[in-house]
J.: 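Dropping a structure here in structure tokens format, bear with me for questions.
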Number of protein chains: 2
Amino acid sequence: MTGPEPKEKAKVWATLAEEARRRIRDREWAPGTTIPNEATLAQEWGVSRVTVSRALGKLAEEGLLDRRRRAGTRVVERPQRAASFEVGLIRDEVERTGRRYGYEMIEAGEHQVPEHVRDRLGITTQPRVMRILARHLSGGEPFAWEERWINGGTVPEALDVDWRHQSPNEWLLHNVAYTWADVSLTAALSGPRSSRALGCEEGSALLMLERTTWLGKWSVTHVAYCYAPGHRMWSRS
Amino acid sequence: MTGPEPKEKAKVWATLAEEARRRIRDREWAPGTTIPNEATLAQEWGVSRVTVSRALGKLAEEGLLDRRRRAGTRVVERPQRAASFEVGLIRDEVERTGRRYGYEMIEAGEHQVPEHVRDRLGITTQPRVMRILARHLSGGEPFAWEERWINGGTVPEALDVDWRHQSPNEWLLHNVAYTWADVSLTAALSGPRSSRALGCEEGSALLMLERTTWLGKWSVTHVAYCYAPGHRMWSRS
DNA sequence: TTGGTTAATATGTATATACATAATGCTTCG
DNA sequence: CGAAGCATTATGTATATACATATTAACCAA
């Protein structure tokens with residue numbers, strides 16, 4: 001009479017991961033101690049070892065557990081989860097807040113490369129290099145100031161682009177695949193140009209994000225974004 | 001005569017993930033297009049579907065692929081990988097550079113809670129709150145300035161700790177488990193106290209990291225770190 | 001004791017298999 | 001013609017099984 005019972009085996013491994021997280025949080029599995037092995041937990045929880053492995057593997061990824069062959073799985077001493085800050089397109093960042101995005105080119109052209117940019121781009125020869133100065137707006141208000149350098153040795157097409165209506169980041173994302181990037185964050189005082197562009201006083205404290213992008217072993221671009229004063233990057237961990 | 005050939009089936013899924021990454025990078029699998037399904041790739045690569053799934057799942061985690069049931073797997077339009085900044089103990093940060101770490105308490109005691117801290121801690125009542133001012137040294141040089149608030153309502157033990165020889169972060173990590181934290185980054189101008197502690201001019205630009213830590217729904221602590229001028233946080237994506 | 005070989009063990013990877021689930025697209029019915 | 005329903009399909013999850021690999025622990029010889 002009982003029809004085929006409604007199966008509800010959804011995401012067992014996620015449930016187990018949650019249970020393990022709870023045990024760590026409540027110190028049932030104390031920091032530094034070794035937890036029961038996969039086989040034991042599999043039996044206790046009535047699932048296969050593979051499923052337990054997936055759950056614990058997830059926690060290991062998050063940095064809560066340290067797993068080693070033969071040695072077993074132990075709770076890390078100080079579970080410090082990395083805070084992760086997403087750094088994507090400025091446009092997206094603005095539009096996510098519901099405001100209208102705007103882009104204004106200030107200046108673009110080939111330019112001599114200063115020392116610190118040359119270092120970042122790993123340039124030894126003297127390729128043609130494009131420099132673009134621009135600003136990004138959020139709901140009409142200044143949002144960020146951009147100083148962009150593009151390595152013409154790696155991306156010759158960039159030398160002939162009209163940057164007045166198209167931001168370098170978007171052009172590059174659509175035209176150059178990149179493999180990896182170095183990103184750094186620092187604080188800087190606004191100078192004459194950036195304070196004019198951002199509509200703030202000279203000597204304001206600005207959050208500055210720099211990114212150098214590489215295509216294999218060739219550098220593509222180096223960019224410095226200075227956000228308007230008071231800008232805050234958020235992360236939840 | 002040929003002995004048992006040396007097996008070398010190490011990490012097939014990682015190799016496949018790498019191959020898939022290459023195809024995306026080289027635009028064999030163009031942005032926005034749907035790639036062959038798991039069964040096809042499994043056959044092409046001579047492995048099981050589960051292994052293909054694991055490899056592609058990894059790329060999906062990295063944000064390069066978008067996978068949906070029935071719809072298939074497609075290459076995302078703009079593969080923007082998140083830059084991730086690790087924020088742990090200042091001590092570790094210093095010692096990783098090979099320099100000697102130092103901690104100096106400047107002031108500690110119960111203190112009235114200013115408005116902006118009250119907001120961060122989500123405080124409505126008037127609990128006793130501890131404030132600790134301190135600085136962190138790297139090889140004898142000022143490294144960071146810390147302004148710490150600890151919610152005595154959540155952590156009463158903190159009201160009786162001697163903070164002269166023990167940094168709040170380390171005490172908290174060893175004595176309070178936390179479940180999650182809000183972290184934010186911003187730039188600030190150094191004031192009289194922080195510039196004295198950091199040995200810099202007033203009005204320098206400082207990278208400021210703030211973190212609010214929660215135990216369940218109770219706030220534990222709010223801290224602001226101001227790094228010495230020129231400090232840079234790095235990330236590779 | 002020292003040092004190196006060996007056995008035991010917990011995790012890591014891979015396979016075949018089965019069924020669940022979500023989304024698509026086709027069909028059918030009003 | 002449009003909405004409802006249904007079959008199809010690609011991914012998602014779980015299992016049992018097998019073997020690989022790293023590391024500890026035990027053992028034995030010099």
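Since the structure is predicted, the reported quantities are computational estimates derived from the model, not experimental observations. Here is the naming used below: chain letters follow the sequence lines, and residue numbers restart at 1 for every chain.
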J.: Is the closest side-chain donor-acceptor distance between B/R148 and B/Y225 under 3.5 Å?
T.: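 The answer is yes; a qualifying pair exists.
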J.: Do any of residues 51-58 of chain A sit with a heavy atom less than 4.0 Å from DNA chain D, and if so which?
T.: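 Nucleic-acid contacts, sorted: A/T51, A/R54.
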J.: Which residues pass the salt bridge (Lys or Arg N to Asp or Glu O under 4.0 Å) test with A/E147, not counting sequence neighbours?
T.: none
J.: Does B/R22 come within less than 4.0 Å of B/E18, counting only side-chain N to carboxylate O?
T.: no
J.: Between C/dT13 atom P and B/L16 atom CG, what is the distance in whole Å?
T.: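 Spelled out: CG on B/L16 to P on C/dT13 is 13 Å.
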J.: Which is more 5' along DNA chain D, the nucleotide nearest A/R49 or the one nearest A/R69? Just name the residue.
T.: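 The 5'-side residue here is A/R49.
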J.: Indicate whether OP1 or OP2 belonging to C/dG12 is found under 4.0 Å from a side-chain N or O atom of A/R67.
T.: yes
J.: Are any protein N/O atoms closer than 3.5 Å to N/O atoms in nucleotides 24-27 of chain C? If there are, list each pair with its distance.
T.:
from	atom 1	to	atom 2	distance (Å)
C/dT24	O4'	B/R70	NE	3.4

J.: On the 0 to 90° scale, with breaks at 30° and 60°, tag the A/H136-A/Y103 ring pair as parallel, tilted or perpendicular.
T.: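 Tilted.
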J.: Return the value, rounded to whole Å, for the distance between atom CG of B/L65 and atom C1' of D/dG12.
T.: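 Whole-Å distance recorded here is 16 Å.
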J.: Using a 4.5 Å cut-off on heavy atoms from C-beta on, say whether the side chain of A/L56 contacts that of A/L41.
T.: yes
J.: Give a yes or no answer on whether the side chain of B/N151 reaches the backbone of B/G153 with a donor-acceptor pair at less than 3.5 Å.
T.: yes
J.: Between P on C/dT11 and CZ on A/R74, what's the gap in Å once rounded to a whole number?
T.: 12 Å
J.: For B/E157, check salt bridge (Lys or Arg N to Asp or Glu O under 4.0 Å) against everything at least two apart and list the hits.
T.: none
J.: Could B/R21 and B/E62 be called an ion pair, given the rule that one side-chain N must be under 4.0 Å from one carboxylate O?
T.: yes
J.: Give me the residues of residues 36-45 of chain B where at least one heavy atom lies under 4.0 Å from an atom of DNA chain D, by number, or none.
T.: B/N37, B/E38
J.: Measure CD1/A/I35 against C1'/C/dT11 and give the value in whole Å, please.
T.: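 One finds 12 Å between C1' of C/dT11 and CD1 of A/I35, rounded.
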J.: Go through the structure and list residues passing side chain to side chain contact (heavy atoms under 4.5 Å, CB included) with B/E170, not counting sequence neighbours.
T.: B/L89, B/R91, B/Y101, B/S167
J.: So which atom in A/L65 and which in A/V76 form the shortest heavy-atom distance, rounded to 0.1 Å?
T.: C-CG1, 3.8 Å
J.: In whole angstrom, give the distance that lies between atom NZ of B/K11 and atom P of C/dT11.
T.: 17 Å
J.: Considering non-hydrogen atoms only, spot the tightest contact between B/W234 and A/D182 and give its length.
T.: CZ3-CB, 4.1 Å
